[in-house]
Structures are given as structure tokens and as C-alpha cells.
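Heads up: the structure comes next, in C-alpha cells.
All values below were derived from every heavy atom in this structure, side-chain atoms included, with hydrogens, water molecules and symmetry-related copies excluded. A note on names: the letters A, B, ... follow the listed sequences, proteins ahead of strands, and every chain is numbered from 1.
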2 protein chains.
Amino acid sequence: MERNTRQRNAILGAISSAGRPLSTQEVLAAGQAVVPSLSIATVYRTLKDLTTEGWILPVKLPGESDRYEVTTLGEHYHFKCSSCSKVFDVHERIKNSNLPAPPNFVVEKYDLILYGRCSNCIPKRKGQKPSAAKYPF
Amino acid sequence: MERNTRQRNAILGAISSAGRPLSTQEVLAAGQAVVPSLSIATVYRTLKDLTTEGWILPVKLPGESDRYEVTTLGEHYHFKCSSCSKVFDVHERIKNSNLPAPPNFVVEKYDLILYGRCSNCIPKRKGQKPSAAKYPF
DNA sequence: TCGCTAATGATAACTTATTATCAATAAAGG
DNA sequence: CCTTTATTGATAATAAGTTATCATTAGCGA
């Protein structure tokens, strides 16, 4: 990166403030809220640049295309809501002593991916619709 | 399925006896050991049929294409060796009470994916090469 | 403000995995 | 052994996500 463009700022800003990993389409939508002309080509280009420069990281879930989040979050897992399809960060830790492992295998790292309903997709009372999402995507 | 072909038998046999999830290319290689003319088109077709019929299931890992295993294994996780890229089943359980979850989120299911070195890829002594794989793929 | 050129936007091209096509082959019943 | 037709093998086509191309736009130093 050599120039500080509105597009780049909008993209990194969207990812930084989202509080959860964003898909390329979510990044596009959030970025266009700031720079309406933002194109998907610039999103892909900038996501690659920001990754190379160490600002963001791809989040890979089974059978899905990459989402992106900032690199400053430390060790955590991910929760995918089966209703709204958003992915959330989970910072609660799993006790290492409870990690299963086959005999004679050395575990170097692991991923834990939770699936279920996020707080916005759990109806509060019978017959009530889920409340509006906290996030703009 | 209406006819009991050598190709179908070779494919289901390979998956049944592998003891771990196989990629489409691994299924092709194992099947060709029995039916040399076996084509990748037949592998894809048969994997789809066997899945529909409930004999096998796709195993999805982040950023990778599907592997397949028989449906009779019960709940388990997967271990991917970072050296030989094979995926192994892990039948040891994780204690449910230790599952992290964000407040007000309902966890319906979860995946645990371990990464590290399998027993065949851990050198037994200094300077010794890893022993031959237990499996033919 | 000017000028250089990196960055952008629109879209074509590409990639990799998977599916469709169709003539040739081979199960399985008679 | 025949006949029927489901299945196969070879390959073209497809799909979705990502990357390349290139004329235009716009940072930013002078």
C-alpha cells in the first residue's frame, strides 16, 4: 500500500468495527455505505493486501468461502448462526486438558466451530419475531 | 442403484476399509487398484449415489474439498496431519460441560478439528525417516 | 494547482471442483 | 447365450469464487 484511499479506509474500517468476521459480500456492502462506488474487485484486491500486510486474517469454515477479521483478537473460536448465517467470535476458552487426541498423535493446534442460534435469532416470547440484528449486514 | 457393478463395489469397499475419510482422488486411486479403468466421473457419480442412499457421508474441513467416510462411525472428530495431509477419525470425546459459548447463544452442534502430526509422521529416533504409512494412500 | 502514477471500477478471464453428455460397455433376467 | 438398458469412461460444460486487464480516476508530493 502506498496511498491512503477512501476505499481502503472503508474496507479496513468495516472489518475493524464489525466485531465479527465478514464475508467479501458483507465487506462490499459495508464499504459501499461509505464509498458507494466501491467495486468487488477493489474489495478482493484490498483484502489480499491487508492480509499480506498483517492487518486482517481469513477465517475459514467448512464448506464456506473466506471471511475476514482483524489480527488483534488473540486465540478464539467461531460460532455460526444457522438462522441468519452470521459468524461470531467466541472468546471463552476450552480447557486444553480436555482435548481428545489419538494415541501417538501430536496435536499442534485445533479449531472449534460452534453451530446454533445467535441471541438475535432466538425468539424472546412465543409468537414474537426475532429482533432486528445488532449489525448492519 | 440397480446394478451391482465392480466400480461401485470397489468405491464403497475402499471407503469402508480405509479407516479414515478419503478424498475423491484417494477414492479414485484406491478404486483403480481394483478396477484399473475406473474414471473420476464414476467416482463422483457413485459418491453422490452412496451419499443419497445413506452409506457414506461427506467430511468437510475448512478450506478443503469434501472427503467421504461410512455413516456407521457415530459421533467423532477429525485430525488432519500437517505433514502427510491425511485426515484421521478421533473417537475420544470432549466433555460437553467444557464447551465455550457466548451469553444468550444456543449451541446445537459443534465441530472439533485437530491439526498436528500423525503417528506415521513423527520420527521415531533422531535422524530416522518417518516409517511407511499404514494406509495405502 | 499540477503532474505523476498508484488505485479504482467494470468486466473478462481464470481456477478448481463438480456435473452433464453420449457412445460404448457390461450387469442381470430369460 | 441373448437382449435390454443401467452404468461406465472420456471429456465437454458448468458454477462459484477469485484474479487479471486496462482505461479512467484520484492521492499526494512539488
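At the phosphate of D/dG9, OP1 or OP2 sits under 4.0 Å from a side-chain N or O atom of B/Ser37. Note on A/Lys48: every side-chain N or O is 4.0 Å or more away from OP1 and OP2 of D/dT18. The phosphate of D/dT19 (OP1 or OP2) has no side-chain N or O of A/Tyr44 nearer than 4.0 angstrom. Side-chain N/O atoms of A/Ser39 include none lying less than 4.0 angstrom from OP1 or OP2 on C/dT8.
Closest to the side chain of A/Leu38, out of D/dT7, C/dG9, D/dT11, is C/dG9. The side chain of B/Thr42 sits closest to D/dG9 out of C/dG9, D/dT7, D/dG9. Ranking D/dG27, C/dT8, D/dG9 by closeness to the A/Arg8 side chain, first place goes to C/dT8. Considering only the side chain of A/Thr46, C/dT8 comes nearest among D/dT8, C/dA26, C/dT8. For A/Gln7, the side-chain atoms get nearest to C/dT8 when compared with the rest of C/dT8, C/dA27, D/dA6.
Note on B/Leu61 and B/Leu47: separate hydrophobic clusters, where clusters join Ile, Leu, Val, Met, Phe, Trp and Tyr whose side-chain heavy atoms are under 4.5 Å apart, directly or indirectly.
To the nearest angstrom, C1' of D/dT25 lies 10 Å from CZ of A/Arg6. The CZ atom of A/Arg67 sits 17 Å away from the C1' atom of D/dT18 (whole-angstrom rounding). Counting to the nearest Å, the C1' atom of C/dA7 and the CG atom of A/Asn9 are 13 Å from each other. What separates CG of A/Leu28 from C1' of C/dT11 is a distance of 15 Å, to the nearest Å. Put simply, CD on A/Glu53 is 14 Å from C1' on C/dA6, counting in whole angstrom units. Rounded to an integer number of Å, the gap from CD of A/Glu2 to P of C/dA7 is 5 Å. The distance between atom CG of B/Asp49 and atom P of C/dA20, rounded to the nearest whole Å, is 12 Å. When the P atom of C/dT8 is taken as reference, atom CD1 of A/Ile11 falls 7 Å away, rounded to whole Å.
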**OP:** Test side-chain contact (heavy atoms from CB on, under 4.5 Å) on B/Gln7 and B/Arg45 and set out the steps.
**Re:** CA-CA 11 Å; B/Gln7 288 85 348; B/Arg45 254 188 316 243; over 6 Å; no
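The nearest pair of heavy atoms linking A/Arg3 to A/Arg8 is O-CD, 4.3 Å. Smallest separation of non-hydrogen atoms from B/Tyr110 and B/Glu75: OH-OE2, 3.7 Å.
Put simply, the side chain of A/Arg45 and the base of C/dG9 share a donor and an acceptor less than 3.5 Å apart. A/Arg3 contributes a side-chain N or O that forms a donor-acceptor pair with the base of C/dT5 under 3.5 Å.
For B/Arg20 and B/Asp89, the salt-bridge test fails: no basic side-chain N is under 4.0 Å from an acidic carboxylate O.
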